[in-house]
There are 2 protein chains.
Amino acid sequence: MKLDKITRSYDDACGTAHALELIGDRWALLIARELMFGPRRFGELRVGLPGISANVLTQRLAELERSGILMRRKLPPPASVQVYELTPWGYEAEEVIKIAGRWAARSPAHDPTRPLSAASLMMSFRTMFDAERATDLASTLNFVIGADRFVVTVADGRLAVERGEGEAEVTLTGSTSAFVAAVYGDVSLRVLEAEGALAIAGERSVVEQFTTLFALPSKAAPV
Amino acid sequence: MKLDKITRSYDDACGTAHALELIGDRWALLIARELMFGPRRFGELRVGLPGISANVLTQRLAELERSGILMRRKLPPPASVQVYELTPWGYEAEEVIKIAGRWAARSPAHDPTRPLSAASLMMSFRTMFDAERATDLASTLNFVIGADRFVVTVADGRLAVERGEGEAEVTLTGSTSAFVAAVYGDVSLRVLEAEGALAIAGERSVVEQFTTLFALPSKAAPV
DNA sequence: CGGCATCCGGGAAGATACTG
DNA sequence: CAGTATCTTCCCGGATGCCG
């Protein structure tokens, strides 16, 4: 029972060092990633973080709360459920997540075949979106990924992603890996549909265009 | 002697997760920070990383080399010394360092009174430089911080920092904390000179202007 | 089921001493 | 100066159990 556990300090005034004290512990930044699209419950966080153990998640949530990065809130009755939500400053960590992700995507060792949470996929859209390719597209797409729903809107060369459902030209249902294959891989929608990995309800052409809007950075030269 | 130690994986295709596998280990990102201004020797890295132990530094350098983030080089004779140098892709981690530092500088818990390495100070200049305040300044300053020398050039609303010495209007000699006080604090140059914390050789007015070019971000609201 | 405490094993980090 | 060897400490991850 050491409440006063001070996370091992770097004793360094550098902001980067302080960032590591705030979000450098294992899993911490990925917890923030899972919270980037709104409040989440304990169990939902576990689903998005394959391999994290409950006690570590509990501990990280407590530390992130103490740091002012997230708050725990109780939803009003009758849904009196506890949820975890980023503070405004916590949401600003999105830039860190995106820049780190974009940099690491150039790693020769990056393995995109591993599992991906729904929040990760949506964050990858925000990260890899290429505004120049989207100047002449204005559409809304619904994504259904298991229990997760997202609305993705492209307009004026900008991309918006949020949880929920909305008026959309098309609704896509599938796993994150199917969407990865469609957007970042060279797998055609037809093939994914034939495999049953993906279902498209609505305007197919919107989806065809959508899959062209994102580009992974080129790989760094291996040693 | 387990050379094949695989760093604990997140089993996550997300680029951010991979970034944590690459630079998420303790000290790793700070080692990259120390290397951002050019190759460094083992002992020089230790000086810039107060508190790191030699075995951890050895291990990190090996891992970062395996990941393709840095290379070890032997300088040509007669100075046949081994140095560590970032790869081109390793240098690109500067963005991660800067964004993380800028974000963490808003933390209510950030303590700028702790020690700061010379590389950290120079990286903070790159991070906190405000181009709009520098439109009408074109100058070169030499910084002497212990054994470290840097040339800082401001021109066309841009800032350049590199190791070494050059033709400069002014040479500043002092500790990192003195420069922090002058640039980010409200301590006047006169006071710092009187305390012997800082010495100015050359155009004082250039220094006066220089100290106004940088702005720390505002603090996030405490919980 | 959600959340948190506790115990335990393995491994990484810290400190120190030692060697070429 | 540049690391290596060793020992201790502490964090991480897994399992279990309690309590609402």
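Bear in mind the structure is a predicted one, so any value in this text is a computation, not a measurement. So that the names make sense, note that chain A is the first sequence line, chain B the second, and so on, each numbered from 1.
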Just the rounded figure in Å: distance from [atom2] of [N] to [atom1] of [X].
X	N	atom1	atom2	answer
Ile52(B)	dT16(C)	CD1	C1'	16 Å
Arg26(B)	dG11(C)	CZ	C1'	16 Å
Leu49(B)	dA15(C)	CG	P	13 Å
Arg60(A)	dC12(D)	CZ	P	4 Å
Leu57(A)	dG14(D)	CG	C1'	15 Å
Asp11(B)	dC12(D)	CG	C1'	17 Å

Between [options], which nucleotide has the shortest distance from any of its atoms to the side chain of [X]?
X	options	result
Asp25(A)	dG3(D), dC12(D), dG14(C)	dC12(D)
Ala54(A)	dC12(D), dC4(C), dG14(C)	dC4(C)
Tyr84(A)	dC4(C), dG14(C), dT4(D)	dC4(C)
Phe42(B)	dC4(C), dG3(D), dC11(D)	dG3(D)
Thr58(A)	dT4(D), dG14(C), dC4(C)	dC4(C)
Arg41(A)	dG2(C), dT4(D), dA2(D)	dG2(C)

When only distance counts, do a donor and an acceptor, one from the side chain of Asn55(B) and one from the base of dG3(D), lie under 3.5 Å apart?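 Side chain to base: no pair present.
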Do the side chain of Ser67(A) and the main chain of Ile69(A) share a donor and acceptor less than 3.5 angstrom apart?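 Checking the backbone N and O of Ile69(A) against the side chain of Ser67(A), no donor-acceptor pair under 3.5 Å is found.
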Please check if atom CD in Gln82(B) has more than 12 non-hydrogen atoms from other residues, nucleotides or ligands closer than 6.0 Å.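 Yes - once you tally the heavy atoms of other residues, nucleotides and ligands closer than 6.0 Å, there are more than 12.
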Testing Phe143(A), Phe150(A), Phe125(A) one by one against Phe37(A) for a ring pair (Phe, Tyr, Trp, His ring centres under 6.0 Å), which residue passes?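 Testing Phe37(A) for a ring pair (Phe, Tyr, Trp, His ring centres under 6.0 Å) against Phe143(A), Phe150(A), Phe125(A) leaves exactly one candidate, Phe150(A).
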Please state whether the phosphate of [N], meaning OP1 or OP2, lies under 4.0 angstrom from any side-chain nitrogen or oxygen of [X].
X	N	answer
Gln59(B)	dT4(D)	no
Arg8(A)	dA15(C)	no
Trp27(B)	dA12(C)	no
Arg46(B)	dG3(D)	no

Are Glu165(B) and Arg149(B) ion-paired here, with the side-chain N under 4.0 Å from a carboxylate O? yes
Taking only Lys NZ, Arg NE, NH1 and NH2, and the carboxylate oxygens of Asp or Glu, determine whether Arg33(B) and Asp12(A) approach each other closer than 4.0 Å. yes
